[in-house]
Structures are given as structure tokens and as C-alpha cells.
J.: 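This structure is in C-alpha cells; I'll ask about it shortly.
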Amino acid sequence: YVIIYNMNQKFIQRRAFLSEKKEKDHRITIGFTGIADLRSFIGQEFIAGILRAAEDYDINFINMSRAIKFSVYDDVDFMTTFRHNLKFMRSPLIDGMVTWASSFNLFSEKDRIIKMFAELAPLPMVDIGSFDLPGTPSIRIDNSISIKQIFDHLTTEHKYTKFAFVGVEDNGPHKRRFDFFRKELQDRGLEEIPDSAFFMKNMTPSQINLTVDKILERFELSERTEIDAIITSSDTIASQLIEILNRRGVFVPRDVAVTGYNNWHDGITSLCPVTTIDLEVFKRGYTAVEVLIDRIIEQENLSKKTAFSNIMSVQNILIPTKLIVRESCGCLETCVNDNYLSMNEISPISSDLDSGEELRIQAEKQAQILFPEITEDHIHRFVHSLFNDIYQEKRPASTLLWFQIYLQECRKRRNLDGEKLQSTVSALRKLVIPALKELPESMLRMENIFHQMRSMISVFLKYESLSDRENPYTLNDISQIAIDFDSATSKTEFLKMLNDQLPKLEIPGAVLALNEKMSFSFNETRVEYVFPPKKDFSPSERITQPELFPKNYFPQNRRYSLSLEILNIAGRYFGYAFFEIKNLNVAIYDTARMLLSKGLFSAYEKEGLNPSSNYEISREQINDVADYKTEDDSKRTRLTSKQITNYLLENIGEMTNLQKMADYFMVSKSYLTRKTKEVTGLSVQTFHEKLKIEQAKNMLSLGTFTMEEIAGKLGFQNKNYFSNVFKKNTGLSPRNWIKKNK
């Protein structure tokens, strides 16, 4: 069923359920997972919405997403690393999961992504992407309402009647937007202009260039001769379209209007800011949490019943969107228009009043309208400063000094709204200047003060922008932390160093579960570090299953929000960290992961805690086994030699299972077999077998393992079978090999 969702629905039921759980010492914990650019507006807003809902409902939150851009020390093997996150997506660590399945689309086929999430069952889930996950409700935008809003504005406000469409082929959301585009034309009795729909392979500049060529070949775009407006399915398309048209001498919106979709950064930074559709990302994240709580309640209720079928209902929820009016449609921004309207609320100070006291009273009444958030005392100070400047020249002006303190208060409250402040200055001018018509010197003096106030606003906004951009990502700070981490000579020294470095990254709490050594596989861990430090802390027992992580290391007796980060570099894993979330800029925690990974890598190497110092296989041995072919890094591939090798190493103690391996990589068995042969020169079975034999050599060299132990650890049925396979690969029995290599 598809419904329009009311965020207040079932509110009382949810609160009662969650309160009951807390009374039983079980505050609900939910997770969020996806692979995306978490520094992007959409990634940030999704998590911000989820965090706000978790706070409002007093539940715990763990961000299990994986960032994909600007990773300083990372390779690009995102899916292989992310699969370790899947091991945490189980009860009792979490009670439910918000998924963003379509964010994995760049890394695997749709059907295999769906299968990956299906394997998380019976964990309650809610999806916020465009994929249909069986048995899982989804939170999506209402494309129908979105396109209708665009047409309502363009046809009513601008009287446009001639439309073209630009989108991406083989893109589900873009196709749906085009379907509603055609429906709106039909419903409004507008002609669908022949050859006016343009579909590209992707949103690259080259594709958009080709599309502009086609548009200009078919239509005359000069002051809306043949086309009034081009409706695009993405701000990325719209912004590049505007720029390319501009280079061809076609100007937006003079010659043709252009609209976008998504309300992305591209649309704001376009040559002509793009009129677009806001996807209500924050609201979708918030709503997903509410629906997830409903799912958890429903699953618990079903588990108490003895019905023949315990199947939960599924509802796909549509969130209404919002039209953002900017300049590309032919309008001015809403805030500019609103600024003119808001001026009507201000009445100029009358110059006809006989009493100075009456003038002050009138000024104070109007100032209360302009500054409703400040105290009466501050209003008095403002009016006093204003009248001082009207009647006498002083540098700096008293009004400027008052306004400076006002801006500081706005900045402290995180309410430094440039548009609103400029509007306030305009209203102040309207309040004062008409009263000075008989005082030309005072009028000129006040005009200069108002100009200075506008400049002061610009300076404050500039400083605020620089502050947001540089903190906590100041290059020198990050570099210095990395240098400090790299100087640690041991894991123990590194962990002590964290006490000073985590506060610099604005991370209020952290828990690290680490392996005893670097490993090509994701081994057992134990908690070795807690921040803030605890006097009675001692390392935990071994954690064999990630979902059984001991929650007593998390904040107790209060709600928490954490970011799970897998610590690894160059295919070697150290463990994982839980960082407590304080700053909504979740990229901080990805940065912390990178810094910790590089620092631990250096510390482990200095202590000799790497695979070559024990019986695991060295890179030299791996290179001797396989005939690796050079891979073209410029081409996107679903499977690389590194991924294949790491998987086989991680599963070196198991029998070779092609189907299981293919499912893991979300590829077919035939593709797996073909690709392995292509990049290693060996079949999967042969490659796995040779890796096992290399590790067996290392174990034999140590002299501490029996034949039975080696056979068992490497997945052989018994020691006799192991001996036969070893001899087949080396020409010697294990015992003779030991004698020869003693």
C-alpha cells in the first residue's frame, strides 16, 4: 500500500512501548547503513534526521554507513570492507536498521544488493532508497506532487506552455519523473512537443554537451521562441545545462527557463541558481525511524502470538516534497520577495511629534518588532545609540557598536541568518530615514551607518563560513595528528596518545576493539581502549561475534549515538572503533577512522605485529602463487584480484565454496570463475588450495603445530588428505618438506 505519512501517527503508542522497554533496562538501539558520500548534503541530512528522531524518542543510534569519498589512506575496495559491517547488523547489538540499499548501486547489481539485505532477516528494517526490498517498507518522495508543483509554478506564475524534458535513461527515479511530466501535460491540455524529451547515458559534462547540441539543433532558444522551460530530473543536469547554454550564447532565464530536482549543492552554485524540488531528506530520515519503531513493535507483538502466519504488513510511504523557487525559472528568490513584504510591518518614525520622549517611545515599539528576541534593556540601549548617532557624529558610531554585540549574540545562538539580518537593516533604514528629511547631515550620517552595518553582516558571515570550513578540518591540525600518531613506537603508546588527540577531533567518547595483530582477515577482538579513560578498565574477554559486543562499554544510564568504523589499511585489519557522535558533521568520524588506521598500521609494523611475523601468508608468498595480471584502475570493475585474494585468505580455514563466494561478492559463479582466471591465472579452487599450502609451510616451519591441527585449521578433511594435497603441490610430503627446509 502507498500512503501519505503523518509523522505524528502512533506517537503515543511508540512512547509507551519505548518507556516500557527502558523500565526493563532495554533502551531500543537502531542502526543506519549505506555506502555514500557522507560529506554530501543528502548523506548529512539523512543522518541528521535519524539522529533527531533518535533523540526525540530517546533511543540509541549506531551509524554503520561507509563513506566513499576523500578517504586519505583508503583504497577503493568499499564493498569488501563494508561487508564486515554486516556482521554487526544483528540482535542483540541493534534492534532494527534503517537501510539505504540503492546507495550500493555503484558497487553491485541490484538483485544481489537486495539479496544481501534479505539475509539480515528477521531484523526489522526500513529503507530510504529507491529499491524495493521484499518485506521492507520504504520511505520515498512523492514524484507526482513534485512535478505537479513545478508545473503549477511555471504555468500559473509565468504562463509557460511549451516544455522540454532532460533526464538519464535506465534510471528508475528519472523515468518516473518523466512519466509524471507527460501526465501533467495531458492533464493541463498542453501539447507534448515532438522530440522534446532528451535522455542521456549519464550526467557527465560530455553527455550534457551532446544533449545541448541536440536541443539547439531541434529548437530555437531565443527569448522562449519555441521552448519556454526545460524541466530536468536533477540539479546536476540543470546546473551544467545552464553553464553550457551560457557558453553557446543562450541565457537562463532570459531565453529559456530551467528547473532542477533534488536541491543539491550544484543548483545553488550554478551560474543561475536553480529552481528545484527539495527532497525533504531530513524528514525522510526522521520518518524512517518512526516507521522502524512501529516495525519493532509489530514484530514483538507477532512473536507473542501463536498465529499460523507471522508476516508483518508492508507500507511504502510517500513524503510530500517542497518547491524551492530561485532564479532559473524567471523569479527572484522567495527571501527577496518576502523582504519587500516584511517592510510593510515597519512604520517610519514620525518627524511631526513635538516630544523627544514620544519619538523614543515610537522608536522602541518599532524596534521590538525588528528585534523580538532581545531584552527590553537591549532595546533601550539600541534606541539610545540610534538617537546619539542622529544628533552627533561619533566614530565608531554608537549604533554600530550596539549592532556588533547583537551579531555576536546571533553567532553565539547559531542564528546568524544573513538574509534576515539584511532585511532588518532595510527595515531600520525605513524606520529612521523618513524622519530625517529636514536634517540632511543626519540623514547622510545614518545612510553611511546603514551601509557599514551591511558590511559588518558580510564580514561576520565570512568569518562564520571560514570557521565552519576550517574547523575541525584545518589541514595543519589533521596533519599534526597524523604525524603524532605515526611517531608511536607501539600499540600501547599509540592508545595512550589517543587521550590527547580525540578531543582535538571533537570526539567525546570512544571504544576500540582490536586484534592482537594485523591480519588479512577480520579476526576475534577484545576491547583494549575506552575514552574517557576509566580507572578500573581492563581489556575485555575475546569477542568472537561482533553482534555480541559487550554493551557495558557504551555510555550507561543515558542514550547514546555512535559511529561504527572498521579499522583497516592496505587490506589488513586491526579491529573496529565506536565513536560517540557529538558533531552532526559525520565526516569527522570517518576522518578519525583513517587517522587511527594509519597510526595503528605504523605501530603494529614497528612491533612486528603483522602477518609476516606469524604463520599467516606474506605478500611475497601470495605473489609467488598467483600470476597477477595488470588491472586498469580507470575502469570500474565489480571484482579485483585484491578482493579475490583477501576473500580466500579470510576463508583459508574453510573448504572452497564457489556459490558462497559468488554470493559474497554479489556476482554470478560464472563471472567469479572467469574473473579469477583472468586476473590470477588460476581457477578459484586451485588458487585457494595453493594459498592453503603456503600457509601450511609457515605452520610447519614454526614446529608448534601437529599435522591434525594444520589440517583442521586449513579446512582439510583429515591429515592424510592434507598430506596428499601438500605433496601434489610441493613434490614432498609434509615431513620430508620439513627435513629439507629445516
Side-chain angles (χ1 to χ4, degrees), residues 75 77-90 107-108 112 115-116 119 515-525 542-547 566 568 570-576 610-612 614-619 621-626 628 638-677 679-699 705 709-718 721-722 725-726 729:
D75 53 28
D77 190 5
F78 299 112
M79 280 299 289
T80 296
T81 305
F82 175 80
R83 282 188 187 87
H84 296 301
N85 291 52
L86 291 171
K87 300 174 182 179
F88 293 84
M89 297 174 195
R90 297 279 189 275
F107 308 100
S108 189
R112 298 189 178 278
K115 182 178 179 182
M116 177 179 73
E119 291 174 352
N515 299 340
E516 292 182 354
K517 59 183 180 304
M518 279 195 288
S519 174
F520 292 119
S521 60
F522 196 72
N523 289 335
E524 297 177 353
T525 61
R542 292 187 184 278
I543 304 168
T544 57
Q545 295 174 261
E547 73 271 19
I566 307 297
N568 70 98
R572 300 183 184 186
Y573 294 88
F574 325 110
Y576 47 91
N610 55 44
S612 61
N614 52 61
Y615 63 78
E616 292 188 8
I617 309 171
S618 68
R619 278 293 168 190
Q621 286 177 289
I622 295 170
N623 291 335
D624 287 342
V625 165
Y628 286 120
R638 297 203 184 279
L639 200 54
T640 65
S641 58
K642 184 175 181 179
Q643 289 173 288
I644 293 168
T645 303
N646 286 347
Y647 177 89
L648 294 177
L649 287 172
E650 189 169 334
N651 293 276
I652 202 159
E654 298 181 11
M655 295 178 65
T656 309
N657 187 325
L658 284 176
Q659 187 59 59
K660 181 180 177 182
M661 187 175 177
D663 290 344
Y664 179 85
F665 286 118
M666 299 182 188
V667 297
S668 65
K669 279 183 18 178
S670 59
Y671 178 83
L672 170 65
T673 303
R674 183 175 69 255
K675 189 66 178 178
T676 304
K677 184 74 174 178
V679 298
T680 69
L682 302 169
S683 68
V684 177
Q685 294 91 334
T686 302
F687 188 23
H688 203 193
E689 183 178 286
K690 287 184 176 295
L691 291 173
K692 288 172 182 282
I693 296 306
E694 291 303 309
Q695 183 150 314
K697 291 177 183 177
N698 295 344
M699 296 171 79
F705 294 97
E709 287 174 330
I710 295 175
K713 285 183 177 294
L714 296 179
F716 292 102
Q717 294 175 355
N718 51 58
Y721 180 58
F722 160 65
V725 174
F726 189 91
N729 280 272

J.: Checking T686 now: which residues fulfil side-chain contact (heavy atoms from CB on, under 4.5 Å) with it, not counting sequence neighbours?
T.: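 Applying side-chain contact (heavy atoms from CB on, under 4.5 Å) to T686 gives L682, S683, K690.
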J.: Report yes if some heavy atom in the side chain of E689 is under 4.5 Å from a heavy atom in the side chain of T656; otherwise report no.
T.: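 Not touching, per the 4.5 Å side-chain cut-off.
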J.: Rounded to the nearest 0.5 Å, what separation is found between the OG atom of S668 and the CG atom of L658?
T.: 11.0 Å
J.: Find the distance between CD (Q545) and NZ (K87) and round it off to the nearest 0.5 Å.
T.: 11.0 Å
J.: Do N698 and E694 pair up side chain to side chain, a donor and an acceptor below 3.5 Å, judged on atom types alone?
T.: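 Looking only at side-chain atoms, E694 and N698 do not form any donor-acceptor pair under 3.5 Å.
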J.: Residues two or more places apart in sequence or in another chain: which of them pass side-chain hydrogen bond (donor to acceptor under 3.5 Å, both in side chains) with K669?
T.: none
J.: Starting at CZ of R83, measure out to CZ of F665 and round the result to the nearest 0.5 Å.
T.: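 Rounded to the nearest 0.5 Å, the CZ-CZ separation comes to 6.0 Å.
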J.: If you define the side chain from C-beta out and look only at heavy atoms, does anything of N657 sit under 4.5 Å from N651?
T.: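 N657 vs N651: side chains apart.
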J.: In Å, rounded to the nearest 0.5 Å, how long is the span from CD of Q717 to CZ of F722?
T.: 14.0 Å
J.: Looking only at atom types and distance, does a side-chain atom of K692 sit under 3.5 Å from a main-chain N or O of I652, one as donor and one as acceptor?
T.: yes
J.: Counting C-beta onward and ignoring hydrogens, is there a side-chain heavy-atom pair between V679 and T640 closer than 4.5 Å?
T.: no
J.: Starting at CG of L648, measure out to CG of L691 and round the result to the nearest 0.5 Å.
T.: 6.0 Å
J.: Which heavy-atom pair separates N515 from G575 by the least distance, and what is that distance?
T.: ND2-N, 4.1 Å
J.: For E524 and R542, which heavy atoms make the closest approach, and how far apart are they?
T.: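 Closest heavy-atom pair between E524 and R542: OE1-CD, 3.3 Å.
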J.: Any non-hydrogen side-chain atom of H688 less than 4.5 Å from a side-chain atom of Y647?
T.: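 Of all side-chain heavy-atom pairs linking Y647 with H688, none is under 4.5 Å.
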J.: List the steps, then state whether side-chain contact (heavy atoms from CB on, under 4.5 Å) holds for D663 with R112.
T.: CA-CA 7 Å; D663 290 344; R112 298 189 178 278; 3.9 Å; yes
J.: Tell me, do F726 and K697 make a side-chain contact under 4.5 Å, heavy atoms counted?
T.: yes
J.: Less than 4.5 Å apart, side chain to side chain, heavy atoms only: is that true for E654 and K660?
T.: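 With C-beta onward as the side chain, the pair touches.
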J.: Can you find a pair of side-chain heavy atoms, one from Q643 and one from Y664, that are under 4.5 Å apart?
T.: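 No, too far: nothing below the 4.5 Å cut-off.
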J.: Evaluate whether atom CD of E516 has more than 12 neighbouring non-hydrogen atoms of other residues, nucleotides or ligands under 6.0 angstrom away.
T.: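 It does not: E516 CD has 12 such atoms or fewer within range.
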J.: A side-chain contact here means heavy atoms from C-beta on lying under 4.5 Å apart; do T645 and F687 qualify?
T.: yes
J.: Indicate, with yes or no, if the rings of H84 and Y573 have centres closer together than 6.0 Å.
T.: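 Centroid distance H84-Y573: below 6.0 Å, so yes.
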J.: Using 0.5 Å steps for rounding, measure from the CZ atom of R674 to the CG atom of L672.
T.: 10.0 Å
J.: Does the ring centre of F88 sit less than 6.0 Å away from the ring centre of Y576?
T.: yes
